[in-house]
Structure formats: structure tokens, C-alpha cells
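First comes the structure, then the notes that go with it.
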Amino acid sequence: MRAASILSLIAFVILSHAQALRAAVFQLPQLPQIPGVSGKSADWRQWDSFYTFVVKRFGQDLPENLKDPLGTVFLDSRYELTSAVAPGRGGDPVPQLFLNGWKRLSPIMNQALPVLPKQTASLYANFIGAADKLAATGPTGVQSGIVSLSPEVLTGMARIIEPTGGSDPLAYTTSVDSSLRTLLGFGPSGVKQSRLDRRFFPEQREASLLGSWLDRRAFAAESPAGKPNPWVVPDGSELHPYLMKVRGLLEGMSDRLAVKSKLGAEYQATYRQIVFAAAWQESCWRQFIKKGNNITPLASTTGDLGLMQVNRNTWRNVYDVNELGGDIQYNGNAGGEILLYYLTRYAIRKSEDKQPGGNLARATYSAYNGGPSALGRYRAAKPNPELKKVDEAFWNKFQVVSAGKEMEVKSCYQK
């Protein structure tokens, strides 16, 4: 494909007026120089904001029967992004994120076109045309600089489906977005904040961005009132009471969520066991770790936080990233909600327990760890060796929990 035709396309994306965008015929004006076409590529946060903007906008117009597939597309793209920006990966992740993200999203947009109102369908047809042309250049195009996925290009594409303007489609925010939660099927409001942990971390109230937990000032081991944080794993004889307290938190949370979601009685015990085992797998039932005289939220290098290791990039706008790190009850509820989501909307709905070698608990955790497309990962004929270890480690813990021995989590702390 000639580079000139791609440049013409980007010119259309950026410079066309709203009336032209609504036209049924996709016209590409020939312009010799296009601002932003060869500029600096958008960073991964701008890309994530753009993709989230497009998915949310599309979700407003989408028929109900396609909203669940759209949620799957979005979450798989978020899981991919989290992996792509992990420390040590290097390079610019945006071109490949674009190619893979559009490969997921394109079929749903095309499927929706015939049932959308004519004017709305015209906007999305124009967007599909632009995205298809960009994707057609492949890695050699969007990765080599023939076409740059600059902020201007992404903004121009966003304006195809939202020609009247409005909010900045590249603005990166960490606040909970009720409309996104509703689109995904989580409901408009996030899990409630625990008052207990706020007494011990008052500075969390004023934090607007999570940033890097490893680079932030460690939290004091004592509260301002001189009381020790009750959610730091103690030593010696105090370990068992601590684990019992966490067990109570997890049990109460899972029971509340099961009732709220009207989970069938036949699945409730399995769900509670999944929660126990997942928390064991993810954190050994820890929200905080002690370093000398300081304590800090348990955090991985990839941004997994707290008791349930809920990732701050994957679940941005779905949960409050500050609360995920600073509040064990909030974190536990978030992880429990995600596990319930994958159990009911994916494992049960797709009859994973009826697949050869299938199991609801294993499917739920595979999706929790790897996204919706990983639902059947644990029963793959040729599994990734490292991911196989992860899935088998969870399965071993789940079997222990199913036997009523969830307190064996104490083995994490035995030297």
C-alpha cells in the first residue's frame, strides 16, 4: 500500500468537518503535508485513554446483545496493555496494542452497523475505514514510522465518532468511571471503602494518583494515635488470630457479593473457595508488608496491589487505585467482585465445567489472571509452561481449601 494513500487517510481523520464525517461516501482529500502524521507517537497512557473513549462511546450506541462481547474485547486489551508496559519490556508498545486492539474490536463494530441508525452507522463506517487503512500497513507501517500513531491522529480518529467534541479523548484519569463499570456489567458504583484502614492511612485521602508504590514514601508502622496497623502480618503467636481475621473478612465479603448477585446456591460454596484460594495464591492473605520500621502496601512490579493483587492498569476507572493499595476491605471486595464476574459471566455461562478437563474454579482463576480470553488456558493442549505453573499452583491451593483446610495458608510464613 502506498504511503501517500495512508497520509491522505490521516488528513481526512484530522481535518474533515463534522458534516463531511456524516457523509455516506468516504472521501479522502489529497493534502501534501499533514500535521501530526509523522509526529511523536502517543504514549501508552494516551493510547489506553483513546481506546477506552472509543469503547465507551461505541457502547452507548451498541445493541444489548453485543455489549458483553465488547466488554470481553476491552478487558482483553487492558490485560494485554498491562503485560506490554511491564518493566523490562522496552520499545514502544502502542503500535502492537493498536493492531491487536483493532483486530478484537473491528468484528463487533462491523456486526453492529446494520442495526444502527443510518447517521450513527455512517460515523462508525468512517471510523472503521480509517482504522482498517491504518491496520493494513501492519507492523511495518505503524511500527516503522511510515504512519505515526501520534496524539493528533488518535484525537482525529476519536472525533470521527464524536464530531461535536467534548472531553479530551486522550485524558488519562484514575477516578472510578460509573459509565464504564455499567458497560462492563459491574454496576454504576464501586465497592465501598473501609473506614478501618483509613484511620491508619489518612494520607491516602489526598493522593490523586497512585504512581509507583515502590518509589513512594513508606507508610509509618504506627498510626498517628500510636496504634499498630491491624492488617500487617504479625510474628509468632499472633499469626493465627491475624489469619482468622482475614478469613472472616474474605468469607463475609464473598457471602455478601453472592447474595447481592443472586448467585445460585449450588455455586456459593465454590465461589467462597475460589476467593480463599485466589487470595492465598495472590498474596498469602496480605495487604501490607513490613520493611524495618515501616509498612507499605503489597505491590508487584507490574502494578498488582494488595490482598487480591488487583492491577492498577488493568482495572483503571473500574476501581479506585488508591483504595486498592491502602484499604484491605476495598481490595478484597474488588478482587471478590472480579472473581464473581468471571465465574458467572464466563465460566458458568460458557459451561466450562462441561468441557473436557473443565472446572469452574480453574476457569475463573485463569480468567482472573489472564483476562477473558484465558478462560480455558488451564486445559490447553499445549500450555505456556510458566502459565501452567501458575494455574497448577492455584489448583493445588483450591483443592486444599475445598477440603476445609484454608488455614493452611499459614504455610506461607513457616520457615
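Taking each heavy atom of L307 and N331 in turn, the nearest pair found is N-OD1, 3.4 Å. Nearest heavy-atom pair, G358 versus R379, reported as atom, atom and distance to 0.1 Å: CA-CD, 4.1 Å. Between K388 and P383, the closest heavy-atom pair is CD-CG, 3.8 Å. The two residues A347 and L375 have their closest heavy-atom pair at N-CD1, 3.9 Å. The two residues N333 and M253 have their closest heavy-atom pair at OD1-CG, 3.5 Å. Across all their heavy atoms, G71 and L184 have their closest contact at CA-CD2, 3.7 Å.
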ask   = Does the pair N369 and R377 meet the rule for a side chain to side chain donor-acceptor pair (under 3.5 Å), with working shown?
value = CA-CA 10 Å; N369 179 260; R377 185 183 73 187; 3.0 Å; yes
Test log, rule side chain to side chain donor-acceptor pair (under 3.5 Å), inputs S41 and D92 = CA-CA 9 Å; S41 176; D92 178 9; 3.2 Å; yes
request  = Assess whether salt bridge (Lys or Arg N to Asp or Glu O under 4.0 Å) is satisfied between D177 and K56, documenting all intermediate values.
outcome  = CA-CA 10 Å; D177 187 329; K56 285 174 54 184; 2.4 Å; yes
ask   = Given Y346 and Y341, is the side-chain contact (heavy atoms from CB on, under 4.5 Å) satisfied, shown in steps?
value = CA-CA 8 Å; Y346 290 88; Y341 181 83; 3.7 Å; yes
ask   = When you look at Q96 and N100, which way does the side chain to side chain donor-acceptor pair (under 3.5 Å) test go after all the steps?
value = CA-CA 6 Å; Q96 197 63 51; N100 294 343; 3.1 Å; yes
task = Mind running side-chain contact (heavy atoms from CB on, under 4.5 Å) on W280 and V400 for me, showing each step along the way?
result = CA-CA 11 Å; W280 181 357; V400 173; 4.0 Å; yes
inquiry  = Using salt bridge (Lys or Arg N to Asp or Glu O under 4.0 Å), reason through R256 and E251 one step at a time and then give a plain yes or no.
reply    = CA-CA 9 Å; R256 286 192 301 273; E251 182 178 34; over 6 Å; no
request  = Could you give me the CA-CA distance, side-chain angles and deciding distance for E352 and R362, then say whether salt bridge (Lys or Arg N to Asp or Glu O under 4.0 Å) is met?
outcome  = CA-CA 9 Å; E352 267 294 312; R362 299 194 73 179; over 6 Å; no
message = Quick one, T164 with R159, criterion side chain to side chain donor-acceptor pair (under 3.5 Å). Give me CA distance, side-chain angles, the key distance, then yes/no.
response = CA-CA 7 Å; T164 58; R159 293 307 172 216; over 6 Å; no
request  = Let me see the working for W47 and Y51 under ring-ring contact (aromatic ring centres under 6.0 Å, His included), right down to the final yes or no.
outcome  = CA-CA 6 Å; W47 161 255; Y51 198 76; 5.4 Å; yes
message = If you apply the rule side-chain contact (heavy atoms from CB on, under 4.5 Å), what do you find for Y271 with L339, and how did you get there?
response = CA-CA 8 Å; Y271 170 57; L339 286 167; 4.3 Å; yes
key: CA sep, side-chain torsions, deciding dist, call: D68, R345, salt bridge (Lys or Arg N to Asp or Glu O under 4.0 Å)   = CA-CA 9 Å; D68 281 350; R345 286 178 168 260; 2.8 Å; yes
query = What's the verdict on side-chain contact (heavy atoms from CB on, under 4.5 Å) for K67 and L183, showing C-alpha distance, side-chain angles and the deciding distance?
reply = CA-CA 7 Å; K67 288 189 176 180; L183 174 62; 4.3 Å; yes
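Side-chain N or O atoms of S150 include one that pairs as donor or acceptor with a backbone N or O of V153 at under 3.5 Å. S261 places a side-chain N or O within 3.5 Å of a backbone atom of A258 that can act as its donor or acceptor partner. In terms of modelled atom types and a separation under 3.5 Å, the side chain of S122 and the main chain of K118 share no donor-acceptor contact. Without hydrogens or angle criteria, R316 side chain to T173 main chain gives a donor-acceptor distance under 3.5 Å. Although no hydrogens or angles enter the test, the distance criterion places no donor-acceptor pair under 3.5 Å between the side chain of Y368 and the main chain of A363. Remark: the backbone N or O of V318 is paired with a side-chain donor or acceptor of R181 at under 3.5 angstrom. A donor-acceptor distance shorter than 3.5 angstrom exists from the side chain of Q287 to the backbone of L324, with no hydrogens or angles considered.
Taking the six-membered ring for Trp and thresholds of 30 and 60 degrees, W395 and F398 have nearly parallel ring planes, at less than 30 degrees apart. Below 30°, between 30° and 60°, or above 60°: for Y342 and W315 the angle between ring planes is above 60°, a perpendicular geometry.
Counting heavy atoms from C-beta on, the side chains of L239 and Y413 come closer than 4.5 Å. V246 is listed as a side-chain neighbour of W231, based on a closest heavy-atom distance under 4.5 Å. The shortest side-chain heavy-atom distance between K397 and F276 does not fall under the 4.5 Å cut-off. In this structure, the side chains of W102 and D132 come closer than 4.5 Å at one or more pairs of heavy atoms. Under the 4.5 Å side-chain criterion, counting only non-hydrogen atoms from C-beta, I338 is in contact with V310. In this structure, the side chains of Q399 and S402 stay at 4.5 Å or more apart for every pair of heavy atoms. By the 4.5 Å heavy-atom criterion applied to side chains, Q46 and P151 are counted as neighbours. Proximity of V176 to E323: side-chain heavy atoms (C-beta onward) are nowhere separated by under 4.5 Å.
Atoms CD1 and NZ, on I128 and K133 in that order, are 14.0 Å from each other to the nearest 0.5 Å. Atom OG1 of T302 is separated from atom CG of N313 by 8.5 Å, given to the nearest 0.5 angstrom. Distance check, rounded to the nearest 0.5 Å: CE of M109 to CG of L70 gives 8.0 Å. Separation of atoms OH (Y378) and OG1 (T364) is listed at 8.5 Å; rounding is to 0.5 Å. Annotation: the span from S300 atom OG to N311 atom CG amounts to 6.5 Å, rounded to 0.5 Å. Atom CD of Q273 and atom OG of S254 lie 10.0 Å apart (nearest 0.5 Å).
For the pair R272 and Y267, the NZ or CZ position fails the cation-pi test of under 6.0 Å to the six-membered ring centre and within 45 degrees of the ring normal. For the pair K410 and W285, the NZ or CZ position fails the cation-pi test of under 6.0 Å to the six-membered ring centre and within 45 degrees of the ring normal. Stacking of R45 on the aromatic ring of F50 is not recorded, the 6.0 Å distance cut-off and the 45° axial limit not both being met.
Counting non-hydrogen atoms of neighbouring residues, nucleotides and ligands closer than 6.0 angstrom, the NZ atom of K260 reaches no more than 12 such neighbours.
Just one residue in the list F74, F53, Y124 forms a ring pair (Phe, Tyr, Trp, His ring centres under 6.0 Å) with F58, and that residue is Y124.
We find that E408 and K405 are not joined by a salt bridge, their nearest charged nitrogen and carboxylate oxygen being 4.0 Å or further apart. The residues D48 and R78 are annotated as salt-bridged, a charged nitrogen and a carboxylate oxygen being separated by less than 4.0 angstrom.
There is a side-chain donor-acceptor pair under 3.5 Å between R104 and S77.
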